[in-house]
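Here is the structure we will look at, set down as structure tokens.
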Amino acid sequence: MDDTERNWLASTQEDALEPDLEICDPHHHLWDHPGDRYLLDELRADTGSGHNVVRTVFVECMSGYRDDGPEALRPVGETEFVSAIAEESRRTRDQGAVIDGIVSYADLTLGEAVRPVLEAHVEAGGGRFRGIRHATAWDAGPGVRIAHTRPVSGLMGHSAFQDGVAQLGRMGLSYDAWLYHPQIIEVAGLARACPDTTIVVDHLGGPLGIGPYAGHRDEVLEVWRSSLKAVAEHPNVVLKLGGIGMPVFGLDWHKREAPPTSEELAAEWGPHILWCIETFGPNRCMFESNFPVDRRSCSYVVLWNAFKRIASGASPMDKAALFHDTAAIAYRLVA
């Protein structure tokens, strides 16, 4: 993060609401790119900025892949990379949140043959490896970027892919789904085909607001709700409530002179997130930061303040689920 971005984020400052509420942040990344570093120090700066974030889950972002060896095993390098950082977070737990879970990548189109790759991830994870995200985000619309895994259309319906997802369940691992809203209905078919695998839908199911979907928010949300309602019928699916700062959602927070306040974020997303909680139930919903990606639009404190505003009417038990327990259960985190 350069000084311009840092100053822009700082122009909207807030104190953390409900600072004692325990949080498990189930979705963040770690990377070290030229001019763009987000490692333990940066994560700790965010998670320690006012909210009570006690544990986190790393989700794949193509960091630390092996440079050689069998192609299928190269993503295991990411688990090795993050496991070392996670161990440091555990040794220094008095300084902030601990990285308790790791979600990496494996090519699930390998079907049952993906098992040796998963076993290598488990070994590399030092007890922290929890599952795979093989992103399937795809859309034919101009201006909509296909996911970094270069998926094809309809991938979740392919038998080999479903065999790979089923293999996760047999090993006690979960599957994270990153997709766009026209694909949500495909998750229902995947959940039906793989009932023994926990499926975690990332970022509210990706309601797009760019490309051909720009200016059609009402129509997008209608399809989004209908599809999520069908997915909610499958008890092995849980939903991450977040990603609301991503530019692909089309709200252009990042283009403003000052970042949004938590009140503005809550006003825009509150009704839709509350609908998700009502549809799935608090025990199948978890708030997520998606940092540093969502930093494009707001600070960590502001984002979690928005979530707390949205959930302000929830009971203490439901708040515990939404902010910590659902994530801890879905990812089987240690006590």
Side-chain angles (χ1 to χ4, degrees), residues 1 5 8-9 12 25-31 33 36 38 42-43 46 56-63 103 105 133-139 141-149 151 176-184 187 200-217 220-221 223-225 227-228 239-256 258-262 264-273 275-276 285-307 310 327:
M1 180 168 58
E5 184 181 11
W8 183 77
L9 287 172
T12 297
D25 183 350
H27 199 111
H28 70 83
H29 306 293
L30 296 168
W31 55 54
H33 305 316
D36 185 13
Y38 198 81
E42 290 76 18
L43 176 67
D46 282 330
T56 74
V57 176
F58 164 87
V59 178
E60 65 87 25
C61 55
M62 300 184 71
S63 289
V103 175
Y105 169 76
R133 181 171 79 163
H134 183 150
T136 62
W138 181 96
D139 194 86
V144 180
R145 187 174 71 88
I146 296 173
H148 54 287
T149 53
D176 262 63
W178 168 223
L179 60 150
Y180 297 137
H181 77 272
Q183 303 172 282
I184 294 174
V187 178
V200 184
V201 176
D202 294 346
H203 314 328
L204 292 166
L208 287 168
I210 60 172
Y213 306 101
H216 298 281
R217 186 165 174 76
V220 165
L221 291 175
V223 172
W224 172 78
R225 287 195 181 206
S227 299
L228 279 180
L239 179 65
K240 284 183 177 175
L241 310 174
I244 62 176
M246 292 194 296
V248 295
F249 285 5
L251 295 178
D252 292 341
W253 304 112
H254 62 298
K255 295 181 179 179
R256 293 172 31 145
T261 64
S262 60
E264 290 176 298
L265 287 170
E268 181 64 53
W269 283 104
H272 312 302
I273 287 177
W275 178 88
C276 288
C285 290
M286 62 185 92
F287 287 113
E288 53 154 340
S289 76
N290 191 34
F291 257 56
V293 178
D294 278 35
R295 191 176 63 191
R296 290 284 306 278
S297 297
C298 64
S299 71
Y300 200 86
V301 169
V302 166
L303 181 65
W304 285 98
N305 274 353
F307 294 151
I310 292 169

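Everything numeric here is computed off the predicted structure, so don't read it as measured data.
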task: For the pair His181 (side chain) and Val223 (backbone), establish whether a donor and an acceptor sit closer than 3.5 Å, ignoring hydrogens and angles.
output: no
query: Taking 4.0 angstrom as the limit, do Glu5 and Arg295 come out as a salt bridge?
result: yes
task: Compare all side-chain heavy atoms of Asp36 with those of Trp31 and state whether any distance is below 4.5 angstrom.
output: yes
- request: Might you work through the side-chain contact (heavy atoms from CB on, under 4.5 Å) test for Leu9 and Met1, ending with a clear yes or no?
  value: CA-CA 10 Å; Leu9 287 172; Met1 180 168 58; 3.6 Å; yes
query: Which atom pair, heavy atoms only, marks the closest approach of Cys285 to Cys276?
result: SG-O, 3.8 Å
message: Any side-chain to backbone donor/acceptor pair from Trp224 onto Leu204? Under 3.5 Å, distance only.
response: yes
task: Please examine the side chains of Ile244 and Ser297, heavy atoms only from C-beta on, and report whether any two atoms are closer than 4.5 Å.
output: no
- request: First locate atom CH2 of Trp253, then atom CZ of Arg296, and finally report the distance between them rounded to the nearest 0.5 Å.
  value: 14.5 Å
field: Heavy-atom check, side chain of Leu179 versus side chain of Val187, under 4.5 Å
entry: yes
- prompt: Would you say the side chain of Pro26 lies within less than 4.5 Å of the side chain of Thr56, judging by non-hydrogen atoms?
  reply: no
task: Go through Trp178 and Thr136 one step at a time and tell me if the side-chain contact (heavy atoms from CB on, under 4.5 Å) criterion holds.
output: CA-CA 6 Å; Trp178 168 223; Thr136 62; over 6 Å; no
- request: Under the salt bridge (Lys or Arg N to Asp or Glu O under 4.0 Å) rule, collect the residues that match up with Arg145, sequence neighbours excluded.
  value: none
field: Any side-chain heavy-atom pair of Trp8 and Pro259 under 4.5 Å
entry: yes
query: Of all heavy-atom pairs between Thr149 and Ala135, which one has the smallest distance, and what is that distance?
result: OG1-O, 2.6 Å
- prompt: Sequence neighbours excluded, which residues qualify as side chain to side chain contact (heavy atoms under 4.5 Å, CB included) partners of Asn305?
  reply: Glu14, Ala16, Leu17, His51, Ser262, Val301
query: So how far is it from Ile310 CD1 to Ile273 CD1, rounded to the nearest 0.5 Å?
result: 4.0 Å
message: Taking the six-membered ring for Trp, are His33 and Tyr38 closer than 6.0 Å centroid to centroid?
response: no
- request: Might you work through the side-chain contact (heavy atoms from CB on, under 4.5 Å) test for Ser289 and Leu303, ending with a clear yes or no?
  value: CA-CA 7 Å; Ser289 76; Leu303 181 65; 4.1 Å; yes
message: Please enumerate all residues that pass salt bridge (Lys or Arg N to Asp or Glu O under 4.0 Å) together with Arg256, with sequence neighbours excluded.
response: Glu264
- request: May I ask you to test the Thr12-Pro260 pair for a side-chain heavy-atom distance under 4.5 Å?
  value: no
Check: Glu42/His28 side-chain N/O donor and acceptor closer than 3.5 Å: no
Stepwise side-chain contact (heavy atoms from CB on, under 4.5 Å) check, Val144 with Tyr180: CA-CA 10 Å; Val144 180; Tyr180 297 137; 3.5 Å; yes
- prompt: Is there a donor-acceptor contact under 3.5 Å from the side chain of Arg133 to the main chain of Glu60?
  reply: yes
message: The criterion is salt bridge (Lys or Arg N to Asp or Glu O under 4.0 Å); which residues satisfy it with Glu288, sequence neighbours excluded?
response: none
- prompt: Can you tell me how far CG of Leu221 sits from CH2 of Trp275, rounded to the nearest 0.5 angstrom?
  reply: 10.0 Å
task: Only counting residues at least two apart or in another chain, list the ones meeting ring pair (Phe, Tyr, Trp, His ring centres under 6.0 Å) with Phe287.
output: Phe307, Phe323
field: Residue list, side-chain hydrogen bond (donor to acceptor under 3.5 Å, both in side chains) with Asp294, at least two apart or on another chain
entry: Asn290
message: Are Lys240 and His203 packed together at the side-chain level, in the sense that at least one heavy-atom pair is separated by less than 4.5 angstrom?
response: no
message: Would Arg217 and Trp269 count as a cation-pi pair here, with the cationic atom under 6.0 angstrom from the ring centre and within 45° of the axis?
response: yes
- request: Determine whether His27 and Phe291 make a side-chain contact, defined as any pair of heavy atoms from C-beta on separated by less than 4.5 Å.
  value: no
